[in-house]
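Worksheet: one structure, shown below.
Since the model is a prediction, treat every value here as computed from it, not as a measurement. Heavy-atom basis, side chains included; hydrogens, waters and symmetry copies ignored.
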Amino acid sequence: MNDVIPENATSAAVRLSGASGPPEAGRRPVVGVSLKLYFGLAATRTWLADVAALKGALAELPRPVDLFVLPSFPALADARELLAGTGVAYGAQDVHWAESGAWTGEVSAGMLAEAGARYVEVGHAERRRHFGETDATVAAKTGAAVRAGLVPVICAGERHDNGLAQAVEETLIQVRAALGGAGPDSEVIVAYEPVWAIGAREPAPARHVRTVASAVRTCLRDHGVRGRVVYGGTAGPGTFGRLAGSVDGLFLGRLAHDTANLRHVLEEVAAATVPAPLPLRP
Ligand SMILES: O=C(CO)COP(=O)(O)O
């Protein structure tokens, strides 16, 4: 698949990296939700209306928390309508690397931006496994997102629970590759999602997440991007409290289908201590 990626994807991303979001967004706590393919359009509208009703709860949090939701492509117009004026951002679960052309079935980052999207997920484990996504395609998609002014939500994580050393190594390979598509000072979110904890009964153990998240944070600093690290994989109420200080937020799946859970998570994230700023680069 690599041969169809534009050769200049990385250098173009470097040149145009100034298109990313405002610096003050760099370290605000953040909670994201991907609906994957769980809901049809009517159910998505109902869920989006429930999320919009969290507006009051969001405004009352002791500190601001960014909230974004990623429904399926056909629901982006519903997100635009139902989330207008709520402060809840939205985006997509995938994007193509090309701006336009003969790419049947694909959606460009520019089109997502036109649809009001602010975030776009790239490299989720399910896309890597079922649709053949590689580190190279994820890098190209990351670059396309940044060039269009979107914040890429770069998903990375080891496939099997074979210990911390392998988890760090496998995750950093994916993160470094994706960041190759984003220029310095780009705004990104890395969602650390150990594949074995996705769709599971429990999130990964806190010590495991803390160690890998810390390695990811160092990697983001070394690349000079403005990055936040969130944890995903059976995340829900109670997860952030065990991770506070090591991640900037959570990336939720099934457990956000009930928006009472989502509200609970937002309150936990707002109440917990936000990690200290990144150390200055030498
Ligand atoms: O993959 C995930 C979010 O993108 C996590 O999904 P679950 O929380 O349903 O395991």
Side-chain angles (χ1 to χ4, degrees), residues 20-34 58 61-70 87-89 91 118-124 142 145-146 150-157 167-168 171-172 174-175 178-179 182 185-194 197 203-204 206-253 255-256 262-281:
S20 57
E24 65 273 17
R27 300 280 299 181
R28 262 159 82 121
V30 59
V31 172
V33 181
S34 166
L58 269 173
L61 294 176
R63 78 176 73 219
V65 177
D66 289 343
L67 172 62
F68 68 86
V69 299
L70 309 179
V88 181
R118 169 90 182 110
Y119 297 85
V120 66
E121 189 176 356
V122 293
H124 190 275
T142 300
V146 169
L150 303 177
V151 178
V153 180
I154 299 164
C155 300
V168 169
T171 302
L172 288 190
Q174 294 170 17
V175 173
L179 292 179
D185 205 38
S186 303
E187 184 186 347
V188 307
I189 291 176
V190 172
Y192 170 52
E193 300 204 321
R207 179 172 164 269
H208 185 101
V209 177
R210 285 173 177 280
T211 304
V212 182
S214 159
V216 169
R217 196 175 294 290
T218 303
C219 179
L220 292 174
R221 185 199 62 199
D222 292 347
H223 275 79
V225 294
R226 291 176 291 129
R228 288 179 282 183
V229 183
V230 298
Y231 169 77
T234 319
T239 308
F240 190 78
R242 295 191 286 275
L243 302 176
S246 63
V247 293
D248 300 299
L250 296 177
F251 191 32
L252 303 169
L255 293 175
L262 181 56
R263 181 186 178 135
H264 201 109
V265 166
L266 289 165
E267 287 168 353
E268 273 178 17
V269 170
T273 308
V274 176
L278 289 172
L280 290 175
R281 300 170 73 208

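Between A156 and V175, the closest heavy-atom pair is CB-CG2, 3.7 Å. Nearest heavy-atom pair across L172 and C219 is CD2-CB, 4.0 Å. When all heavy atoms are compared, the tightest approach of C155 to F251 is SG-CE2, 4.1 Å. Here the shortest heavy-atom pairing between A89 and R118 reads CB-CB, 4.2 Å. The two residues R210 and S246 make their nearest non-hydrogen contact at CG-OG, 3.5 Å. In terms of heavy-atom proximity, A215 sits nearest to V168 at CB-CG1, 3.8 Å.
For the atom pair D66 CG and L266 CG, the distance stands at 10.5 Å (nearest 0.5 Å). Atom-to-atom distance recorded for I189:CD1 and R226:CZ is 11.5 Å, nearest 0.5 angstrom. Rounded to the nearest 0.5 Å, atoms CG (L61) and CD (E268) are 12.0 Å apart. In this structure, L220 CG and R228 CZ are separated by 11.5 Å, a value rounded to the nearest 0.5 Å.
Of the possible donor and acceptor atoms, one in the side chain of Q174 sits under 3.5 Å from a partner among the backbone N and O of G157. Remark: side-chain polar atoms of Y119 are not paired, donor with acceptor, to backbone N or O of E121 under 3.5 angstrom. In this structure, T142 contributes its side chain and L179 its backbone to no donor-acceptor pair below 3.5 Å.
In this structure the side chain of V151 never reaches within 4.5 angstrom of the side chain of F68, judged on heavy atoms. A 4.5 Å side-chain heavy-atom check between V247 and V230 finds every atom pair outside the cut-off. Looking at heavy atoms from C-beta onward, F240 lies out of side-chain contact with V31 at the 4.5 angstrom threshold. At least one side-chain heavy atom of L262 sits less than 4.5 Å from a side-chain heavy atom of L67. Looking at Y231 and P194, their side chains come closer than 4.5 Å, going by heavy atoms from C-beta outward. A heavy-atom distance below 4.5 Å is not found between the side chains of V188 and H223.
Results of the side-chain contact (heavy atoms from CB on, under 4.5 Å) test with V265 over L255, V65, L250 single out L250 as the only residue that passes.
The aromatic rings of Y192 and H208 lie parallel to each other, with less than 30° between the two planes, well short of the 60° mark.
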Do D248 and R217 pass the side chain to side chain contact (heavy atoms under 4.5 Å, CB included) test, and can you show the C-alpha distance, the side-chain angles, and the key distance before you say yes or no? CA-CA 10 Å; D248 300 299; R217 196 175 294 290; 3.3 Å; yes
